[in-house]
Participant: 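Okay, handing you the structure first.
Since the structure is predicted, the reported quantities are computational estimates derived from the model, not experimental observations. A note on names: the letters A, B, ... follow the listed sequences, proteins ahead of strands, and every chain is numbered from 1.
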Amino acid sequence: MAEKTEKYDHKSIESRWQAEWEGNGAFRTAEGRGDKYYVLEMFPYPSGKIHMGHVRNYSIGDVLARFLMMKGKNVLHPMGWDSFGLPAENAAIQHGIPPAKWTHENIANMRTQLKRMGLSYDWTREVATCTPEYYRWNQWLFLRLFEKGLAYKKRSSVNWCPECATVLANEQVEDGECWRCGSTVEMKELDQWFFRITAYADELLEHTNKLPGWPERVLTMQRNWIGKSIGAEVDFKLEGSIDAIKIFTTRPDTLFGVTFMSLAATHPLIEKITTPERKSEVASFVAKAKAEAKNARLSPDEIVKEGVFTGAYCVNPLTGDKVPVYAANFVLMEYGTGAVMAVPAHDQRDFEFAKKYGLPIKVVINPQGKELDPSTMEAAYVEPGVMVNSGAFNDLPSTGAAEAIIDALEEQKKGKRSITYRLRDWGISRQRYWGCPIPVIYCDICGTVPVPDAQLPVILPENVNLTGKGLSPLAGAEDFVNVKCPNCGSQARRETDTMDTFVDSSWYFLRYTSPKNETLPFGKDEAGYWMPVDQYIGGIEHAVMHLLYARFFTKALRDLGLHEFDEPFKNLLTQGMVCKEITKCPEHGYLYPEEATGGKCHICGKAVSIGPVEKMSKSKKNVIDPDRIIREYGADTTRLFSLFAAPPEKDLDWNEEGVEGSYRFLGRVWRLVIENLDLLSEAKAWETGALDGGARELNAATHRTIKKVTQDIEERFHFNTAISSIMELVNASYQLMPTLNGKGSDTAEARVFKKAVESIVLLIAPFAPHISEELWSRLGSSEPVYKMRWPLWNEDALKLEEVEIPVQVNGKVRGRVTVAAGADEAAVKEAVLSDDKIKEFVAGKEIKKFVYVTDKIVNMVVA
RNA sequence: GCGAGAGUGGCGGAACUGGCAGACGCGCCAGACUUAGGAUCUGGUGGGCAACCAUGGGGGUUCAACUCCCCCCUCUCGCACCA
């Protein structure tokens, strides 16, 4: 071993194996049946470059996929592009690049980057949502939903920027202003297409209880978003009118405590019922409340509850009491019926409102064994209790009374049981160019006509003038708009809105199961085999929108007979953000690290502050370019660090020293093999048999590590601890190295060493696949690692002959004894009491208690 | 305000059903090999001179608590007048 050891050259190793995998179609999915596993990472928007969030996301997925392949599963691990969306349009407006060109270049770029990461995707299944091959099925599915009444058109209000003359998505409205030009956003009524997601509200809610593989907080967020409330609708007749105010309440038990009525400022009845003498006051209040509603930045308790009397009265259907009708700023038109029965004694908002305007407070529920006094109450009593002042319902527990009161209302036809959801139907119309055309034609004679299936896809035209101004860019594309009615043949117009891009991503996981299918969006058999996705991995930011839409689509498509399962994603892993400390100059703000060499700002020379750790973002100048890291340290190091630095669900704190540590570790593994290559290629790996000393220890460590890595990956996704245990085995292998010197390759030491090294190379394969392949082939295998079986551990090898037991006296470790593994208490007690160190602590005292946990610990209580 | 999650060395983080707190890595300190080391290998590294003290704080259960129970504090995320 005189000559210098060959260096770990990540560049040539990684490019060689990537070419190898690509050349022989290494990760092409097997079509055959078998024990399947579908690993899916959320597909990216092709912005042009991958970022660290992608690196982390795909590294997690790739560990799983490669691990499961080695475990013998039939793995589906696809990748694609969520490639419609506004950035492409902005690039066109700002730089004159056609969106299609921009997008496809970005895809090509990012695909190269992903390949450089060595990810085990089956690229033959790649999909891009902006291609007609994909979006024709978007259109096809739209038509099926339309036929079932699950897609419909209605007028609704949208965010409208008067300066840009265009509609904005909610996320493009910042503090009530246009993100692009800063002018105040208005609400505008427009015809919009909707998907009737509310038809599935109950099932979407119910099935959150059938997703044990999802994080609880995601399920909670979805439940809150759906927002089911069970209660009753009650009609309050208006005095001197045939009209009634319909309210929704979850507290029918408080119906006898109603002392006034609150309507949303935009409630249609307000104008009708306001008495002439109150008109001007009400009008100015409504105007003020509307203005306030736009500026929704304030938290609810910062907004003062205000209202105005309309002059009208309505009648409590059960008591016949006459109560005044108010318009109030805290009542939402979008929820329930836009009208609320006010019970100040038992609702905090109503309480505050009543106090402010001197309205009566009537107690109808008392806490058990207590009596509330309205004149001294300081807050509403919202808990259950005993009914009072409620006629026939007095003395009932309030929880039961609610049911009884609804029964009475239903009997008298004054109300009924009712369920309200917070969830609204999904508005999918977008007045944008770079999206999937909605396949509908408007004919003056036939009305709204769906495009016949045979005419799909409705191709998105490429020669469109994009200015960023005006409604729907497609409206100006004459060739596109003007069309013959498929029904009657007369001149007609195409729908010029495109679909929300969330439609595209609501079923892409199904398309992957048969991406080339030309007769259906996906084959029923293939979907039946591969679905559901066994493990879905992505960011928490999609907790509600994407994941709810995808669940809805899955259910709707099931009811269309396209497949037969209820839920798309069996297990969900939401990975944490990638963060880094920020560097800030007191005068020049955020700086890139290289702008602050030596802790000084490069402009003014002032001392900069480092920290705190925040999510990587361009504006904070704390981004790290994955390309650079991969170039300097290699894909294996980059992957390894992003998995080692933190468990996947937690935020990851990026630091370059840590990356170097991972690089050093791979170098250590490299040398472990290369420096001992002669011995390793001659020796046969140890299997079973009696061992002692260092060989026995290393063999036990090997099997312990196999067990730990296997369990950490498959049971807990604790990749960080899996990696750390491999590091321990590497350290242990180095410890045995000196004893190998000069010994033959057929000694037990050499053979155990070989077993340890082989195991290390196989165990790091899912994390650092390139170096693993390289070392595996150097060890003499003609078969690649990805075709190897994952190593198994032998429980017998884990068993120890002797164990060292810590001995506690009164809860403090005072010594240790070594006993035979599995020794009984009597034997251990004898060993403990004959130990000199322990004797000191026990001398002259009485042993009150002796606790022995087999092979673990001794604790004695002495006094 | 409501809901969820989290507080452990200088730092990232371990500790699975209660059983030696701080695995592994970073950083730091020493030694070896070297012309040299920012390469590599080896050893050390929670605090305190010690007894002891230490897992956000305070109580409790237990032979034994980062882990279980009660109260409080802080931070992050989500929802936010939902009737």
Participant: Once you apply the 3.5 Å cut-off to both distances, tell me the Watson-Crick or G-U wobble partner of B/G78, or none.
Facilitator: B/C2
Participant: Can you give each donor-acceptor pair under 3.5 Å made by side-chain atoms of residues 847-857 of chain A, sequence neighbours left out, with the distance rounded to 0.1 Å?
Facilitator:
from, atom 1, to, atom 2, distance (Å)
A/Y852, OH, A/D855, N, 3.0
A/D855, OD1, A/G822, N, 2.8
A/D855, OD2, A/G822, N, 3.4

Participant: Once side chain to side chain contact (heavy atoms under 4.5 Å, CB included) is applied, do any residues pair with A/K416, and if so which ones, sequence neighbours excluded?
Facilitator: A/E233, A/E410
Participant: Polar atom pairs between nucleotides 62-69 of chain B and protein, under 3.5 Å, N or O only, would you list them?
Facilitator:
from, atom 1, to, atom 2, distance (Å)
B/C63, OP1, A/K849, NZ, 3.1
B/C63, O2', A/N859, ND2, 3.0
B/C63, O2, A/N859, ND2, 2.9
B/A64, O4', A/N859, ND2, 3.4

Participant: Could you list, one pair per line, each protein nitrogen or oxygen that sits under 3.5 Å from a nitrogen or oxygen of nucleotides 52-56 of chain B, together with the distance?
Facilitator:
from, atom 1, to, atom 2, distance (Å)
B/C52, OP1, A/R814, NH2, 3.4

Participant: Could you identify the nucleotide paired to B/G37, looking across every strand shown and requiring Watson-Crick or G-U wobble geometry with both distances under 3.5 Å?
Facilitator: none
Participant: Scan every strand shown for a Watson-Crick or G-U wobble partner of B/A30, both distances under 3.5 Å, and answer none if you come up empty.
Facilitator: B/U42
Participant: Which nucleotide, B/C81, B/C20, B/G19, lies nearest any side-chain atom of A/K856?
Facilitator: B/G19
Participant: Could you check whether atom NZ of A/K615 has more than 12 heavy atoms from other residues, nucleotides or ligands sitting under 6.0 Å from it?
Facilitator: no
Participant: If you restrict it to nitrogen or oxygen atoms, what contacts under 3.5 Å exist between nucleotides 4-12 of chain B and the protein, and what is each distance?
Facilitator:
from, atom 1, to, atom 2, distance (Å)
B/G12, O2', A/A645, O, 2.7

Participant: Sugar-phosphate atoms are those with a prime plus P, OP1 and OP2; base atoms are the rest. Using that split, label each nucleotide of nucleotides 39-46 of chain B B, S or - for protein heavy atoms under 4.0 Å, 5' to 3'.
Facilitator: -SSSS---
Participant: Taking donor-acceptor contacts at under 3.5 Å, does the side chain of A/R816 reach the base of B/C20?
Facilitator: yes
